Amino acid sequence: MFRSIDKKWQERWEKAKIFEADPDEREKFFVNLPYPYMNGYLHLGRAFTFLRGDIIARYKRMKGFNTLYPFAFHCTGTPIVAAAERIAEGEEIQINNLRKMGIPEEEIENFKDPVYWTKHFSEKMIEHLKATGFGIDWRRSFITTSLNPYYNKFIEWQFRKLKEKGLVAIGKHPVIWCPKCKNPVGDHARLEGEGETPQEFTLLKFEFGDSYIIAATLRPETIFGQTNLWVDPEIEYVKARVNGEIWIISKECAEKLKNQEKDVEITGKVKGRDLLGKYVKAPGIEREIIILPSTFCDPDKGTGIVTSVPSDAPDDWMGIYDLQRDKELCESFGLDWNEVKKIKPIPIIKTKGFGDLPAVEICKKLGVRSQKDRELLEKAKKEVYSMGFYTGVMNDNCGEYAGMPVMEAKEKIKKMLLDSKKADIMYEPSGNVVCRCLTRCIVRIVKDQWFIRYGDPEWKKEAHKAVDRMKIIPETVKKQFHYVVEWLNDWACTREFGLGTKLPWDKKWVIESLSDSTIYMAFYTISKYFNEGTIKADIIDDEFFDYIFLGKKTEKDYGVPKEILKKMRKEFEYWYPFDLRSSGKDLVQNHLTFCLFNHTAIFSEKYWPRSFAVNGWVTIDGKKMSTSRGNVTLLKDHVAEHGADPVRMELAFAGEGVDDANIETQFVETVKERLLSWYDFAVNNYGRGRENKMRIDQWFEAVVNNVIKEVDEAMENLMFRTAIQKGFFDLQRNLKWYLRRCGTPNKEVISWFIEVQTKILAPFAPHISEEIWEKLGKKEFISVSEWPEYREIEDEGILRGEEYIKGVINDIREIIKVTKIKGKIVYVYTAPDWAWRVCEIVEKKRNFNDSIKEVMKDEEMRKRGKTVSKLINQLIKNRIFSEKIDEEDILKESKNFIEKEIGMKLEINKDYDPKNKKSLAIPTKPAIYIE
RNA sequence: GCGGGGGUUGCCGAGCAUGGCCAAAGGCGCCGGACUUAAGAUCCGGUUUCGAAGGAAUACGUGGGUUCAAAUCCCAUCCCCCGCACCA
């Protein structure tokens with residue numbers, strides 16, 4: 001059923017162009033989302049975010065807004081190019097990736113061309129989204145990069161604007177670099193080491209005659225604890241002239257430094273063994289320390305020489321431990337064992353959870369045996385380093401840094417060393433990175449790298465302001481945005497490689513993907529004119545965009561009538577700013593915040609974004625989707641299997657807020673049944689029923705009205721799970737109760753309800769809703785019909801009356817259950833009038849003293865003294881604060897129903913009362929006797 | 001460590017801002033019943049413990065506190081998840 005109606009309605013919608021939005025006199029609603037990257041099909045996670053956009057768009061459309069929901073395709077960056085290259089090279093992994101997506105063998109060839117990726121995936125994505133029932137204005141779609149000359153001009157314009165305002169700057173930047181390909185190596189061009197980034201090492205310079213021995217460290221703050229220097233006796237180091245000084249470093253290091261703005265010339269060789277036992281002057285502390293042998297010096301990491309801080313570095317401690325317990329070993333290196341034994345770790349940092357010497361302690365704790373115990377040592381290092389960094393405080397023996405937290409001291413000490421030329425900087429990848437050409441990558445410092453200056457304090461102020469005036473859904477994320485704005489620093493916005501727009505004033509650079517996607521939501525407002533070819537790309541210039549987006553005057557001839565230009569400007573003014581951008585939470589800390597920054601820089605305040613909605617990841621049965629788990633489900637496959645509506649319901653019900661949404665796999669089946677049975681019910685009951693109106697009809701109307709109000713509220717805040725819960729599942733439950741209560745429904749009420757329920761369902765399950773709508777004889781689409789209106793409930797007593805019936809039935813059942821009697825007749829005695837009068841007073845006063853005072857003003861009540869006070873006590877204790885309902889009347893009207901429910905005869909307020917139960921009755925809780 | 005979010009009944013997941021109607025919605029699972037030749041679907045009831053009259057006791061990470069009353073407020077504490085970047 002689902003799949004057959006999907007197509008029918010998708011085609012009709014398209015034919016009727018109901019999702020194509022152009023300015024008119026109505027109020028508008030513009031919703032959008034971060035466009036997806038064109039290197040694969042949509043999986044359920046992305047689809048979840050996009051669907052939130054579609055649901056809110058459909059809802060707003062029914063609410064009477066002129067609703068625009070556009071979509072575009074991101075092609076910027078290296079992944080597509082890299083992947084295409086890998087296909088061209090015939091790499092199995094990459095080819096398999098395509099196969100897994102379901103791309104036929106004969107087509108794989110095409111993917112050698114990056115442009116084919118952008119075409120294929122964008123076309124397919126449109127197909128998949130349409131098949132899922134997305135109501136998108138496809139006339140406005142576009143791809144990014146220079147492949148789209150219009151977009152290209154737009155981004156050029158944006159960057160020139162930023163530059164004019166001084167928000168782009170040039171500087172240096174370390175990147176992961178392949179020495180063979182002579183190119184930066186992005187994540188997707190790596191065989192190994194995804195996510196690894198350049199890491200800064202401090203090079204300590206140890207005076208050694210007329211040269212320096214150089215050791216690299218990540219922890220410059222530990223210089224106060226240096227006791228010796230480590231070299232590997234088996235390694236041959238080199239002497240090199242580096243920026244005019246003679247350095248002793250590993251050969252590998254010398255090569256790397258050439259890429260890091262150092263002038264390097266190798267002039268000689270030094271054997272590690274020859275350095276042993278000699279002394280060097282340690283920087284910062286200006287102490288003579290001895291050079292000792294170790295096995296953990298890696299010539300391909302840092303300089304191949306390591307300074308030793310046994311107090312805080314497990315490696316160093318084990319190195320010393322190994323030597324100190326082995327006289328022969330020392331002597332084999334020609335070392336004086338007694339000198340070696342003199343070395344003692346120097347406590348320099350107080351770390352939380354550790355004593356004076358964290359390294360010594362952790363080695364003991366983990367049972368590290370020697371410096372060759374690599375696995376344990378790595379673990380030890382990780383713990384000591386991270387604890388030391390985050391919780392450590394410098395000891396008294398650290399001079400002016402005493403008492404300073406390590407986090408702070410680290411930077412200061414580094415700076416001091418650099419300023420006094422006792423140290424230098426070098427970068428290494430944070431982990432092993434291998435280029436897909438099989439070469440091990442290094443770090444290169446790229447000069448003339450361009451940055452967007454998000455670090456600028458004045459700009460930050462504007463961004464904060466933008467956050468403040470926005471609605472952020474959920475609200476808690478607002479704080480996060482302020483935090484990100486504060487913490488964000490200058491962003492390297494250009495790359496040497498990949499698809500994109502060339503930096504207009506320096507064409508060797510390509511603008512990277514997070515930087516060319518910050519204000520393109522404005523582009524949607526006019527992109528349909530480009531797609532129609534109304535205006536030619538080559539004629540467009542900055543003045544054009546200045547006119548459209550900034551309202552500046554132009555007299556230029558753009559080859560089109562002035563009216564067209566004016567229309568475009570008007571269109572921008574009509575749609576902008578956007579009302580909502582829906583996104584995954586991963587983009588808070590980059591894209592969404594960039595979007596704000598750039599809006600404040602380019603647009604006037606009235607065009608700043610109105611709201612963001614942020615959602616979590618999608619998990620399946622509580623497990624994260626991931627390739628390794630093999631549970632990445634593609635939208636197209638899922639829809640093909642279950643049909644669009646069940647999938648939409650499944651996703652929308654999976655979760656809300658920033659918490660991860662969870663799909664329970666069996667839910668999709670449940671939902672199918674529910675939808676189908678609603679279809680049957682709606683079609684078979686519309687316009688049928690009895691004419692007379694009963695209390696229960698009013699009750700049902702009241703319940704439904706309440707739900708409409710609640711659903712409205714939920715929808716406005718994108719709380720779709722709540723909306724489905726209340727607007728579908730709860731309503732259905734209430735419907736069941738209603739039918740059970742009255743047998744045949746009231747014609748008017750049930751018909752009204754069928755419309756309401758179907759409409760509430762429409763944003764979530766639009767196809768089946770349309771199908772029902774048509775069967776009801778409606779001529780218009782439900783997608784553009786009017787959302788149900790909430791009507792204020794006049795008589796709250798109706799709802800209470802029904803609760804009362806439920807309560808009585810439950811009480812009777814409870815008694816039967818506990819006593820296990822099988823009775824024939826139930827006698828029910830309602831509370832007397834005077835008790836109700838007391839109840840009403842209690843309802844107003846809400847506490848014992850005030851109530852009793854009020855009640856006792858009444859002569860008649862005083863006569864009942866004790867009974868009355870007992871009653872008040874009971875009412876207050878049980879929180880029975882009820883306005884008056886006519887219990888007897890309600891019971892009488894529901895007599896048949898109650899008898900049917902409990903399978904006994906019901907007698908109301910008979911004089912027969914053998915067990916004296918009558919007096920137990922209190923308002924809303926009648927006395928009951930079963931026999 | 002910083003920033004953010006959490007710890008609820010078998011599981012998932014509401015509730016917590018505005019304390020009481022919360023033994024705590026709903027879904028799933030499980031148990032019993034109806035229907036059926038049977039299974040499935042559907043419907044009804046149950047699902048902390050005790051209870052021969054609608055009640056009571058214990059429960060919302062842990063320990064305190066405020067209050068007539070706390071899952072909800074305050075304090076302390078433990079644990080979990082996410083982010084800490086130049087990667088779409």
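Every value quoted in this text rests on a predicted model; they were computed, and no experiment measured them. Letters go in sequence order (proteins before strands), and every chain restarts at 1.
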Pairwise N/O distances under 3.5 Å, protein to nucleotides 46-51 of chain B:
{"unit_1": "B/G51", "atom_1": "N1", "unit_2": "A/Glu814", "atom_2": "OE2", "d": "3.4"}

Look for any protein N or O under 3.5 Å of an N or O in nucleotides 83-85 of chain B and output each such pair with its distance, or none.
{"unit_1": "B/G83", "atom_1": "O2'", "unit_2": "A/Gln589", "atom_2": "OE1", "d": "2.6"}
{"unit_1": "B/G83", "atom_1": "O2'", "unit_2": "A/Gln589", "atom_2": "NE2", "d": "2.8"}
{"unit_1": "B/A85", "atom_1": "N1", "unit_2": "A/Asn489", "atom_2": "N", "d": "3.4"}

Between the protein and nucleotides 28-33 of chain B, list the N/O to N/O atom pairs that are separated by less than 3.5 angstrom.
{"unit_1": "B/C28", "atom_1": "O2'", "unit_2": "A/Gln666", "atom_2": "NE2", "d": "2.7"}

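A/Phe142 pairs by the ring-ring contact (aromatic ring centres under 6.0 Å, His included) definition with A/Tyr151, A/Phe523, A/Tyr524, not counting sequence neighbours. Residues passing the side chain to side chain donor-acceptor pair (under 3.5 Å) test with A/Gln449, sequence neighbours excluded: A/Thr494. Partners of A/His43 under the ring-ring contact (aromatic ring centres under 6.0 Å, His included) rule, at least two apart in sequence or in another chain, do not exist in this structure. With sequence neighbours left out, the ring-ring contact (aromatic ring centres under 6.0 Å, His included) criterion links A/Tyr929 to no other residue. For the salt bridge (charged side-chain N to carboxylate O under 4.0 Å, His left out) test, no residue two or more places apart in sequence or in another chain qualifies with A/Glu713. Annotation: side chain to side chain contact (heavy atoms under 4.5 Å, CB included) contacts of A/Ala47 (sequence neighbours excluded): A/Leu635, A/Leu651. Checked against ring-ring contact (aromatic ring centres under 6.0 Å, His included), A/Tyr679 has no partners two or more places apart in sequence or in another chain.
Mapping A/Ile812 and A/Phe667 onto RNA chain B via the closest heavy atom, the residue that lands nearer the 5' end is A/Phe667.
Closest of all the heavy-atom pairs between A/Val443 and A/Pro429 is CG2-N, 3.4 Å.
In this structure, A/Thr76 does not reach the B/A88 phosphate: none of its side-chain N or O atoms is under 4.0 Å from OP1 or OP2.
Residue pairs meeting the salt bridge (Lys or Arg N to Asp or Glu O under 4.0 Å) criterion with at least one member in residues 731-740 of chain A, sequence neighbours excluded, are A/Asp730-A/Arg733, A/Arg740-A/Glu901.
Residues of residues 721-737 of chain A having a heavy atom closer than 4.0 Å to RNA chain B, listed by number: A/Arg721, A/Gln725, A/Arg733, A/Lys736.
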